[in-house]
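Below: the structure, in structure tokens.
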Amino acid sequence: MNFEEKTISKETIYEGKIINVEKHEVRLPNQKTAYREVVKHNGAVAICAVTPENEVILVKQYRKPLEQTLLEIPAGKLEPGEDRKEAAMRELEEETGYQTDRLDLIGEVYGTPGFANEKISIYFTDSYQKGTVHLDEDEFVEKIHFSMADVKNAVETHEIEDAKTLIAFQYLLLHYNHSK
């Protein structure tokens, strides 16, 4: 069966700094029509960085849509046309003050494909040097280090609720050589 929904028409109902929202009229596989609200986003990057002391660098940040503070790996949105790896390097330095020239792609994920096209590229590094923190003027984060035991505990106790961070932690627990 072909599951594709053919777009009949679409209109932009909101244009913002980070997202645009469109309303699509679609033809379903059964030939009926329906409406879909679609959030358009340039995409994002996230970085799982491990220190020489075998600690993971996290940031604590308030997330308005959730009305709560989350612990997350450093991350940020792509600028239009920006290379994903370069964006990850930029975000790592902006949020943590560390620079790297070596990133390994863990994977790319769609966080909410039911209504948004945002793709997040998740990278890993354990090779970096000190740079300078330079947050956006409307960005407030606190840098925190988690030991590998903290990572394992956070996964087991559901302390981490952010999807990209859970994916990075699962990668660490399954693939990273903890004896370094």
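Heavy atoms only: backbone and side chains are in, while hydrogens, waters and symmetry mates are out.
Shown are Val155, Thr165, Ile73; of these, the side chain to side chain contact (heavy atoms under 4.5 Å, CB included) with Ile160 is made only by Thr165.
Taking each heavy atom of Gly97 and Val133 in turn, the nearest pair found is N-CG2, 3.3 Å. Nearest heavy-atom pair, Val151 versus Phe146, reported as atom, atom and distance to 0.1 Å: N-CD2, 4.0 Å. Among all heavy-atom pairs drawn from Glu118 and Gly43, the shortest one is CG-CA, 4.1 Å. The nearest pair of heavy atoms linking Gln99 to Tyr128 is O-CB, 2.8 Å. In terms of heavy-atom proximity, Val141 sits nearest to Glu95 at CG2-O, 4.0 Å. Annotation for Lys40 and Asn117: closest pair CA-OD1, 3.3 Å, computed over non-hydrogen atoms.
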Give the C-alpha distance, both sets of side-chain angles, the deciding distance and a yes or no for salt bridge (Lys or Arg N to Asp or Glu O under 4.0 Å) between Arg36 and Glu5.
CA-CA 10 Å; Arg36 303 289 187 241; Glu5 297 179 355; 2.9 Å; yes
Take Val45 and Tyr123 through the test side chain to side chain contact (heavy atoms under 4.5 Å, CB included) and record every step on the way to the result.
CA-CA 8 Å; Val45 294; Tyr123 294 93; 4.3 Å; yes
Going through the distances and angles, do Glu79 and Asn42 end up as a side chain to side chain contact (heavy atoms under 4.5 Å, CB included)?
CA-CA 7 Å; Glu79 298 302 328; Asn42 281 334; over 6 Å; no
In sequence, state the C-alpha distance, the side-chain angles, and the governing distance for Val50 and Phe124, and then conclude on side chain to side chain contact (heavy atoms under 4.5 Å, CB included).
CA-CA 8 Å; Val50 176; Phe124 171 82; 3.5 Å; yes
Apply side chain to side chain contact (heavy atoms under 4.5 Å, CB included) to residues Ile122 and Val109 and explain how you reach the verdict.
CA-CA 8 Å; Ile122 306 170; Val109 298; 4.2 Å; yes
After noting the C-alpha distance and the side-chain angles of Arg90 and Glu86, does the key distance pass the salt bridge (Lys or Arg N to Asp or Glu O under 4.0 Å) rule?
CA-CA 6 Å; Arg90 174 182 52 77; Glu86 288 175 13; over 6 Å; no
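Separation of atoms CD (Glu11) and NE2 (His24) is listed at 10.0 Å; rounding is to 0.5 Å. In this structure, NZ on Lys130 lies 9.0 Å from OG1 on Thr96, to the nearest 0.5 angstrom. Interatomic distance, Leu173 CG to His175 NE2, rounded to the nearest 0.5 Å: 10.0 Å. With rounding to the nearest 0.5 Å, the separation of CG in Leu78 from CD in Glu91 is 9.0 Å. Taking CD1 of Ile120 as the start and CD of Glu108 as the end, the distance is 10.5 Å to the nearest 0.5 Å. In this structure, Lys17 NZ and Ile19 CD1 are separated by 13.0 Å, a value rounded to the nearest 0.5 Å.
Using modelled atom types and a 3.5 Å distance limit, the side chains of Gln61 and Glu142 yield no donor-acceptor pair. In the model, Arg84 has a side-chain atom that pairs as donor or acceptor with a side-chain atom of Ser121 under 3.5 Å. Residues Thr100 and Thr125 have side chains that bring a donor and an acceptor to within less than 3.5 angstrom of each other. A side-chain N or O of Tyr62 and one of Glu67 form a donor-acceptor pair less than 3.5 Å apart.
At a threshold of 4.5 Å between non-hydrogen side-chain atoms, the residues His145 and Thr51 count as touching. Gln68 is listed as a side-chain neighbour of Glu161, based on a closest heavy-atom distance under 4.5 Å. Put simply, the side chain of His41 reaches to within 4.5 Å of the side chain of Lys77, judged on heavy atoms. Using a 4.5 Å heavy-atom threshold, the side chains of Thr33 and Val26 count as separate. Between Pro29 and Glu4 there is no side-chain heavy-atom pair separated by less than 4.5 Å. Side-chain contact between Tyr98 and Gln129 is absent, with no heavy atoms from C-beta onward closer than 4.5 Å. Between Val21 and Val38 the shortest side-chain heavy-atom distance does not fall below 4.5 Å. A heavy-atom distance below 4.5 Å is not found between the side chains of Asp162 and Leu71.
A salt bridge links Glu72 with Lys164: the closest approach of a Lys/Arg side-chain nitrogen to an acidic carboxylate oxygen falls below 4.0 angstrom. Salt bridge status for Glu156 with Lys152: present, with a side-chain N to carboxylate O gap under 4.0 Å.
Residues Val39 and Tyr14 share a single hydrophobic cluster, defined by chaining ILVMFWY side chains whose heavy atoms lie under 4.5 Å apart. Linking Ile, Leu, Val, Met, Phe, Trp and Tyr residues whenever their side-chain heavy atoms come within less than 4.5 Å places Leu172 and Ile144 in a single cluster. In this structure, Leu166 is not a member of the same hydrophobic cluster as Leu70, with clusters built from ILVMFWY side-chain heavy atoms closer than 4.5 Å.
Both the sub-6.0 Å distance and the 45° axial angle are satisfied by Lys23 relative to the ring of Tyr35.
The backbone N or O of Phe115 lies less than 3.5 Å from no partner atom in the side chain of Thr112, so there is not a single donor-acceptor pair. Between the Lys143 side chain and the Ile57 main chain, no donor and acceptor come within less than 3.5 Å of each other. Remark: the backbone N or O of Ser147 is paired with a side-chain donor or acceptor of Asp150 at under 3.5 angstrom.
The number of heavy atoms from other shown groups lying within 6.0 Å of CD (Glu37) does not exceed 12.
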